[in-house]
Amino acid sequence: MAGGCWLVQHVDLRHGDEHDRGAECTGWDESSGELRSHSFGSRGELLEYTYRIEGDLLTTWFGGTDSPARFEGRSSADGTVNEGAWQWPGGGCASTMTRC
């Protein structure tokens, strides 16, 4: 995004018969010292996430780092694919993200 302060990601999420699209704006939150995002879905939802990247490991929490709902996935050597899984109390699901 202009100014270099935000990463804007367009989302096209398919899970079973469900299909959702949206946009996510990610940037550095100075007050928390974390990489944070706001995701806006096509059904009107607003979701907040916290990200941490350590080497090839991406960890994403729904909300803050104290949340029991989180994603952990590893990126391919060329950085085009990240495979992992979401985990939350009582469930979870595998996830594969690809760079277009």
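Residue numbers count from 1 along this sequence. All values derive from a computational prediction rather than experimental measurement.
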Legend entry - Test side-chain hydrogen bond (donor to acceptor under 3.5 Å, both in side chains) applied to Ser42 - qualifying residues, sequence neighbours left out: Asp20
Legend entry - Residues which pass side-chain contact (heavy atoms from CB on, under 4.5 Å) with Asp12, listed by chain and number, not counting sequence neighbours: Arg14, His19, Arg21
Inset, instruction - Give the cluster check for Tyr51 versus Trp6: same hydrophobic cluster or not, with ILVMFWY residues linked at side-chain heavy-atom distances below 4.5 Å. - result: no
Legend entry - Remaining members of the apolar cluster that contains Phe40, side-chain heavy atoms under 4.5 Å: Leu46
Inset, instruction - Heavy atoms only: give me the nearest Ser37-Thr26 pair and the separation to one decimal. - result: CB-OG1, 3.2 Å
Inset, instruction - Keeping the roles fixed (side chain from Ser76, backbone from Val81), state whether a donor-acceptor pair exists under 3.5 Å. - result: yes
Legend entry - Residues which pass side-chain hydrogen bond (donor to acceptor under 3.5 Å, both in side chains) with Thr60, listed by chain and number, not counting sequence neighbours: none
Legend entry - Cluster companions of Val11 among Ile, Leu, Val, Met, Phe, Trp, Tyr (side-chain spacing under 4.5 Å): Leu13
Legend entry - Test ring pair (Phe, Tyr, Trp, His ring centres under 6.0 Å) applied to Phe62 - qualifying residues, sequence neighbours left out: Tyr49
Legend entry - Selection residues 73-100 - residue pairs positive for salt bridge (Lys or Arg N to Asp or Glu O under 4.0 Å), sequence neighbours left out: Asp56-Arg74
Scan the side chains in residues 29-36 for donor-acceptor partners under 3.5 Å anywhere in the protein, sequence neighbours excluded, and list what turns up.
| from | atom 1 | to | atom 2 | distance (Å) |
| --- | --- | --- | --- | --- |
| Asp29 | OD1 | Ser31 | N | 3.3 |
| Asp29 | OD1 | Ser31 | OG | 2.9 |
| Asp29 | OD2 | Ser32 | OG | 3.0 |
| Ser32 | OG | Glu34 | N | 3.3 |
| Glu34 | OE1 | Arg52 | NH2 | 3.4 |
| Glu34 | OE2 | Arg52 | NH2 | 3.0 |
| Arg36 | NH1 | Thr50 | OG1 | 2.5 |
| Arg36 | NH1 | Gly63 | O | 3.2 |
| Arg36 | NH2 | Glu48 | OE1 | 3.3 |

Legend entry - Nearest atoms (heavy-atom pairs only) where Ser95 meets Trp86: CB-CD1, 4.5 Å
Legend entry - Cluster overlap Val8 with Leu47, hydrophobic side-chain contacts below 4.5 Å: no
Inset, instruction - Give the cluster check for Trp61 versus Leu7: same hydrophobic cluster or not, with ILVMFWY residues linked at side-chain heavy-atom distances below 4.5 Å. - result: no
Legend entry - Results of side-chain hydrogen bond (donor to acceptor under 3.5 Å, both in side chains) for Ser39 - residues two or more places apart only: none
